[in-house]
Amino acid sequence: MRNQKNTAILFINLGTPEKLSKGSIRTYLKEFLMDERVIDLPFFLRFFIVYVFILPFRPKKTLHKYEVIWDKNNDKSPIILNTERFINKLKSKLSDYYIDFAMRYGKPGIKDKMDQFYNLGIRYLHIIPLYPQYASSTYGTVIAEVCRINQKYWDPFIISFEPIINNEEKFIQIWSNKIKSLNDYQNYHVIFSFHGIPERHIKKSDRLKICLTNHCCEKVPEYCYKAQCYDISKNIAKVLELSSFSVAFQSRLGKAKWIEPYLEEHIKTIIKDHKNILIVPLSFTSDCLETLEELKFSLVNQYSSDQIYIHVMDSLNDDNEWVDFWYERIKKYL
C-alpha cells in the first residue's frame, strides 16, 4: 500500500553546469546536446555536430552568459538556487514525506537521487517534471531517462508521472495573479514567451495527423507543444481580459526551422506600435539562463530605449502560491 513511508516525490528540472568554468559548461553541453530527444539526428551525425561544431567553441561563449547571472556568493547557478528554495519551502509543509529534486542534465543527477531513494527502501516513486507543457525534448526525455535508470534495479520502483499542468485552472490562476501584481499590466502589450523547439519535433509528435491542417493549433492535441503554448496564453489573457497580447518562441539554435514566431523578430514588429512591453516566460518554472541572461539582460538591453520599456516577469521560483499548488497536489496524490 502506498503511503508516506514507502513513497518518494522527485521533482526534475532542466539542468545547469555545476561550476562557472568552461570545463563544467562543456560537460553540461555534451550531456544535454547528445540527448537524442534534443538533437534528434542519427548518433554519428549528432556526435559529429556536437563534438566538431559545438563543443570546441560554444563553452567559451556560454561561459560569458553564465557570468552575467551566476550567484557568486553561493557559487551556484540560479536554477539550482531557485529550485532548492522551492523544494525547501515545500518540505517545510510536508516534513513527513520524502521530497527531493534532480536535474535532467548536470547535478544533482536523476540516478543519484533514485539510488538514494532505492537504498531507503522506497517502493513508489512519483516523478514531477517541472515543465508545464509537454514536448519530447523536455517532459518526454525525463520519462525516457527515469525509465532507463529504473530498469537497471533488481527491484524497480513502481513509477508514476505527474501529468502536465498547462491547462490546470489553478496554474492559470497563479500566473494571472502574478501578472496582476503589476498594477498597470493593462498598459502593456503582453508577450507570452516559450522556449522554442524545431518544427520537425512538432510533426514527429503528430499522432493524429492534424499538424498544419486548418486551425490545428486550436485543437490542443495531447502531444502538440505549440498548441499547448497558445492554449495557456489564450486562457491567461481571458482571465486578465487583456486587450493586447501575443505569443512568441525564444532560444532558437542552429539553422533548422523552429516554431514561429521567433521572439526577437516578433519584438522588432511589436515595438513599432507598442512602447510598453511585458514578457511572461510561461515554459519556465525557475529563473535560469534563458530568462535571466537571454530575456532580462540581452533582449532588454538590445531593444529598450527612451521610448521603449520592456519588463520581464520573474518565473514562479519559490512563490508561495506555487508552493501551495504543489502542496495540495502532493497531499491529494498521497
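Each residue takes its place number in the sequence, starting with 1. Given the structure is predicted, the values throughout are model-derived calculations rather than measurements.
A donor-acceptor pair under 3.5 Å is formed between the side chain of Lys72 and the backbone N or O of Glu67. For the pair Ser95 (side chain) and Lys91 (backbone), a donor-acceptor distance under 3.5 Å is absent. Between the side chain of Asp40 and the backbone N or O of Glu36, no donor-acceptor pair lies under 3.5 Å. Side chain of Ser77 to main chain of Ile80: no donor-acceptor pair is present (N/O by atom type, distance under 3.5 Å, no hydrogens or angles). Side chain of Ser24 to main chain of Pro17: no donor-acceptor pair is present (N/O by atom type, distance under 3.5 Å, no hydrogens or angles). Although no hydrogens or angles enter the test, the distance criterion places a donor-acceptor pair under 3.5 Å between the side chain of Asp71 and the main chain of Asn74. Although no hydrogens or angles enter the test, the distance criterion places no donor-acceptor pair under 3.5 Å between the side chain of Asn150 and the main chain of Val146. A donor-acceptor contact shorter than 3.5 Å is absent between the side chain of Glu145 and the backbone of Ile110. Lys113 contributes no side-chain N or O that, together with a main-chain N or O of Gly109, makes up a donor-acceptor pair within less than 3.5 Å. Distance alone, capped at 3.5 Å, places no donor-acceptor pair between the Ser304 side chain and the Asn301 backbone.
Distance check: Met114 CE to Ile122 CD1 gives 12.0 Å after rounding to the nearest 0.5 Å. From His64, atom NE2 reaches atom NZ of Lys61 across 10.5 Å, with rounding to the nearest 0.5 Å. To the nearest 0.5 Å, the span separating OG1 on Thr291 from CD1 on Ile69 amounts to 7.5 Å. Atoms CE and OG, from Met313 and Ser193 in turn, are 13.5 Å apart once rounded to the nearest 0.5 Å. The CZ atom of Phe117 lies 12.5 Å from the CG atom of Asn6; values are rounded to the nearest 0.5 Å.
Centroid-to-centroid, the aromatic rings of Phe32 and Tyr105 come within less than 6.0 Å. Taking the ring centroids of Tyr188 and Phe245, they lie at or beyond the 6.0 Å cut-off.
For the pair Ile279 and Pro281, the tightest heavy-atom approach, listed with the atom from each and the gap, is O-CD, 3.6 Å. The minimum heavy-atom distance between Val52 and Phe57, with the atom names listed, is O-CE1, 3.6 Å. When all heavy atoms are compared, the tightest approach of Ile202 to Lys226 is CD1-N, 3.7 Å. Across Glu260 and Phe249, no two heavy atoms sit closer than the pair O-CE1, 3.5 Å. Heavy-atom minimum distance, Val142 versus Pro129: CG1-CG, 4.0 Å. In this structure, Arg46 and Met34 approach most closely via the heavy-atom pair NE-O, 3.0 Å.
Screening Thr285, Asn82, Asp287 for a side chain to side chain donor-acceptor pair (under 3.5 Å) with Ser315, the sole residue that qualifies is Asp287. Under the salt bridge (Lys or Arg N to Asp or Glu O under 4.0 Å) rule, Lys89 has a single partner from Asp319, Asp318, Asp324, which is Asp318.
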Full working for side-chain contact (heavy atoms from CB on, under 4.5 Å) between Leu282 and Ile232: CA-CA 9 Å; Leu282 285 180; Ile232 189 173; 4.0 Å; yes

Full working for side-chain contact (heavy atoms from CB on, under 4.5 Å) between Trp175 and Leu316: CA-CA 8 Å; Trp175 265 115; Leu316 297 176; 3.7 Å; yes

Test side-chain hydrogen bond (donor to acceptor under 3.5 Å, both in side chains) applied to Arg37 and Ser136, step by step: CA-CA 6 Å; Arg37 294 176 183 273; Ser136 185; 2.9 Å; yes

Check against side-chain contact (heavy atoms from CB on, under 4.5 Å), His274 and Tyr309: CA-CA 9 Å; His274 301 279; Tyr309 176 68; over 6 Å; no

Pair Tyr303-Ile310, side-chain contact (heavy atoms from CB on, under 4.5 Å): steps then yes or no: CA-CA 8 Å; Tyr303 293 102; Ile310 300 175; 3.6 Å; yes

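A tilted orientation is assigned to the rings of Tyr134 and Tyr139, their planes being inclined by 30° to 60°. Between Trp326 and Phe11, the ring planes are perpendicular. Angles over 60° get that label, and only those under 30° would be called parallel. Between Tyr225 and Phe194, the angle of the ring planes goes over 60°, which puts this pair in the perpendicular group of the 30/60° scheme. Ring-plane geometry between His195 and Trp258 is classed as tilted, the angle between the planes lying from 30 to 60 degrees on a 0 to 90 degree scale.
In this model, no donor atom of one side chain and acceptor atom of the other lie less than 3.5 Å apart for Gln228 and Asn166. Under 3.5 Å, the side chains of Ser286 and Asn317 contain no donor-acceptor pair of N or O atoms. Side-chain atoms of Asp112 and Gln116 form no donor-acceptor pair, as typed in the model, at a separation below 3.5 Å.
Connection of Val68 to Trp70 is established within a shared hydrophobic cluster, with ILVMFWY side chains joined at heavy-atom distances below 4.5 Å, either directly or through further cluster members. Residues Leu263 and Ile271 share a single hydrophobic cluster, defined by chaining ILVMFWY side chains whose heavy atoms lie under 4.5 Å apart. Linking Ile, Leu, Val, Met, Phe, Trp and Tyr whenever their side-chain heavy atoms come within less than 4.5 Å leaves Leu20 and Leu81 in two separate clusters.
A cation-pi arrangement is absent between Arg123 and Phe157, since the terminal nitrogen or guanidinium carbon is not both under 6.0 Å from the aromatic centre and inside a 45° cone about the axis. Stacking of Lys93 on the aromatic ring of Tyr327 is recorded, both the 6.0 Å distance cut-off and the 45° axial limit being met.
Residues satisfying the side-chain contact (heavy atoms from CB on, under 4.5 Å) test with Ser246, not counting sequence neighbours, are His189, Ile191, His266, Ile270.
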